[in-house]
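Below is one structure, written out as structure tokens; comments come after it.
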Amino acid sequence: MSYLISPSRLACLFALALAVVSRAEPPAPLPPDLAPLFQPPAEFANQFGSFRSPLKFADGREVKTAADWEKRRAEIRQHWFSIIGPWPPLLEKPQLTILDRIKRENFTQSRVMVEIAPGRMSAGYLLIPNGAEKSPAVFVPYYDPETSVGLQKELRDFAYQLAKRGFVTLAIGSPGGDARKPDVGDARCQPLSYLAYIATNCAQALANVPEVDPKRIGVVGHSYGGKWAMFASCLSDIFACAAWSDPGIVFDEKRPGINYWDPWYLGAQPDAVRPPGFPDESHPRTGAYRVLVEQGMDLTELHALMAPRPFLVSGGAEDTPARWPALNHAIAVDRLLGYEQRVGLSTRPKHDPTVESNEQIYRFFEHFLKPEKPTP
């Protein structure tokens with residue numbers, strides 16, 4: 001059984017999501033520490049590069065109204081799924097089993113098994129702040145869940161840091177345990193699409209937790225986790241906002257870290273094993289990646305699916321300020337829908353997160369998922 005939503009059904013879901021976002025819009029403008037991140041520098045303002053505009057239908061017609069965008073959005077989504085493969089059925093009530101609990105600082109950490117696909121469980125951690133009640137939540141994917149909860153490498157502990165700030169968080173690792181050999185089970189889709197499917201089920205598991213407000217769920221990841229978070233938030237409306245840490249937000253065959261061509265992302269092909277390396281005559285493009293490139297498509301179309309939901313690119317070596325022309329396409333969609341300052345890009349010299357770049361991510365979620373209540 002495949003999972004492809006009809007254009008009419010998707011339009012209804014998008015209209016509902018838009019209404020929810022509108023009601024949840026923070027009453028105050030962006031705070032001074034975040035505002036500069038949501039304004040393209042003058043040299044990149046209104047620059048759109050060579051990317052194809054998402055505001056044009058496949059037949060060349062321009063998208064002029066919000067109603068047009070609903071149809072165009074459905075068209076983009078359906079076309080991407082036709083290339084990257086359909087999802088298995090989504091889970092309405094994913095099983096979430098708590099194995100044990102410990103108290104850590106101002107939250108409870110539970111070791112859990114969460115249902116990521118029908119009948120398939122994955123190990124992870126659920127962190128619930130003390131006194132949480134219909135609180136915002138964030139899903140945190142990475143190679144392993146231990147890193148995300150602060151038990152491994154530093155500055156990748158998003159689940160831990162956000163839990164300390166009052167967010168319910170759920171962290172899991174790569175399906176099957178090896179990111180380069182992803183276990184997609186019987187799914188007929190590219191591994192990166194399957195990761196987005198898993199994320200959607202995990203977000204639904206979070207939505208079913210009594211302490212969580214299901215309308216305020218975000219997603220964040222770094223590098224591999226950033227790609228995972230990007231595809232998840234773009235392809236699934238369950239996420240109210242997202243932060244992507246230096247994933248490589250466009251196809252760029254000059255950067256080894258932006259390796260969407262690899263078989264563990266979009267280059268999977270049953271009848272061919274692609275040798276590692278940059279795409280060239282000796283290392284031909286394979287799988288969905290080959291089709292996407294041949295059709296002149298890029299990730300800007302996926303970014304546009306976020307509109308008007310906010311997202312922050314926590315940029316490093318892969319996502320420098322030169323990526324603004326790509327992001328300007330999502331900004332254009334936001335403006336068509338009547339929204340400003342929903343697309344941000346921060347910068348740092350290297351790929352690794354820093355204390356400052358992580359603080360910007362946490363402040364982003366605090367602003368968009370925990371808006372301050374107006375003073376009576």
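Numbers here simply count residues along the sequence, with the first being 1.
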### Query
When the ring planes of Y160 and F107 are compared, do they come out parallel, tilted or perpendicular, using 30° and 60° as the limits?
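Rings of Y160 and F107: perpendicular, as their planes differ by over 60°.
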Note: [X]-[Y] ion pair, threshold 4.0 Å (strictly below):
X	Y	result
D59	R61	yes
R323	D319	yes
R72	E75	yes
R309	D237	yes
K227	E318	no

### Task
Apply side chain to side chain donor-acceptor pair (under 3.5 Å) to Q95 and list each qualifying residue two or more places apart in sequence or on a separate chain.
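By the side chain to side chain donor-acceptor pair (under 3.5 Å) rule, Q95 matches T97.
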### Query
Who are the side chain to side chain donor-acceptor pair (under 3.5 Å) partners of R363, not counting sequence neighbours?
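R363 satisfies side chain to side chain donor-acceptor pair (under 3.5 Å) with D33, E366 once adjacent residues are dropped.
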### Query
Can the ring centres of Y362 and F365 be said to be less than 6.0 Å apart?
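Judged by ring-centre distance (under 6.0 Å), Y362 and F365 do not meet the cut-off.
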### Task
Kindly state whether the ring of F251 and the ring of Y260 have centres lying under 6.0 angstrom apart.
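Centroid distance F251-Y260: below 6.0 Å, so yes.
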N/O donor-acceptor pair under 3.5 Å between [X] side chain and [Y] backbone:
X	Y	value
D246	G316	yes
W87	C189	no
N358	L155	yes
S135	E133	yes

### Message
Please determine whether side chain to side chain contact (heavy atoms under 4.5 Å, CB included) holds for the pair C241 and F364, giving the CA-CA distance in whole Å, both sets of side-chain angles, and the decisive distance to 0.1 Å.
### Response
CA-CA 9 Å; C241 62; F364 166 81; 3.9 Å; yes
Residues which pass ring pair (Phe, Tyr, Trp, His ring centres under 6.0 Å) with [X], listed by chain and number, not counting sequence neighbours:
X	answer
F51	none
W261	F278
F231	none

### Task
Check salt bridge (charged side-chain N to carboxylate O under 4.0 Å, His left out) between R104 and all other residues, then give those that pass, not counting sequence neighbours.
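In terms of salt bridge (charged side-chain N to carboxylate O under 4.0 Å, His left out), with neighbours along the sequence ignored, R104 is linked to no residue.
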Could you check whether atom [atom1] of [X] has more than 12 heavy atoms from other residues, nucleotides or ligands sitting under 6.0 Å from it?
X	atom1	result
D100	CG	yes
Q295	CD	yes
K56	NZ	no
K153	NZ	no

### Message
Evaluate R348 against S314 for side chain to side chain donor-acceptor pair (under 3.5 Å), listing each step before the verdict.
### Response
CA-CA 8 Å; R348 58 181 182 270; S314 180; 2.8 Å; yes
### Query
Under the criterion salt bridge (Lys or Arg N to Asp or Glu O under 4.0 Å), which of R77, R52, R73 is the partner of E301?
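Going through R77, R52, R73 one by one, the salt bridge (Lys or Arg N to Asp or Glu O under 4.0 Å) with E301 is satisfied by R52 alone.
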### Task
Only one of W228, F239, F311, Y224 passes ring pair (Phe, Tyr, Trp, His ring centres under 6.0 Å) with W244; say which it is.
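The passing option is F311.
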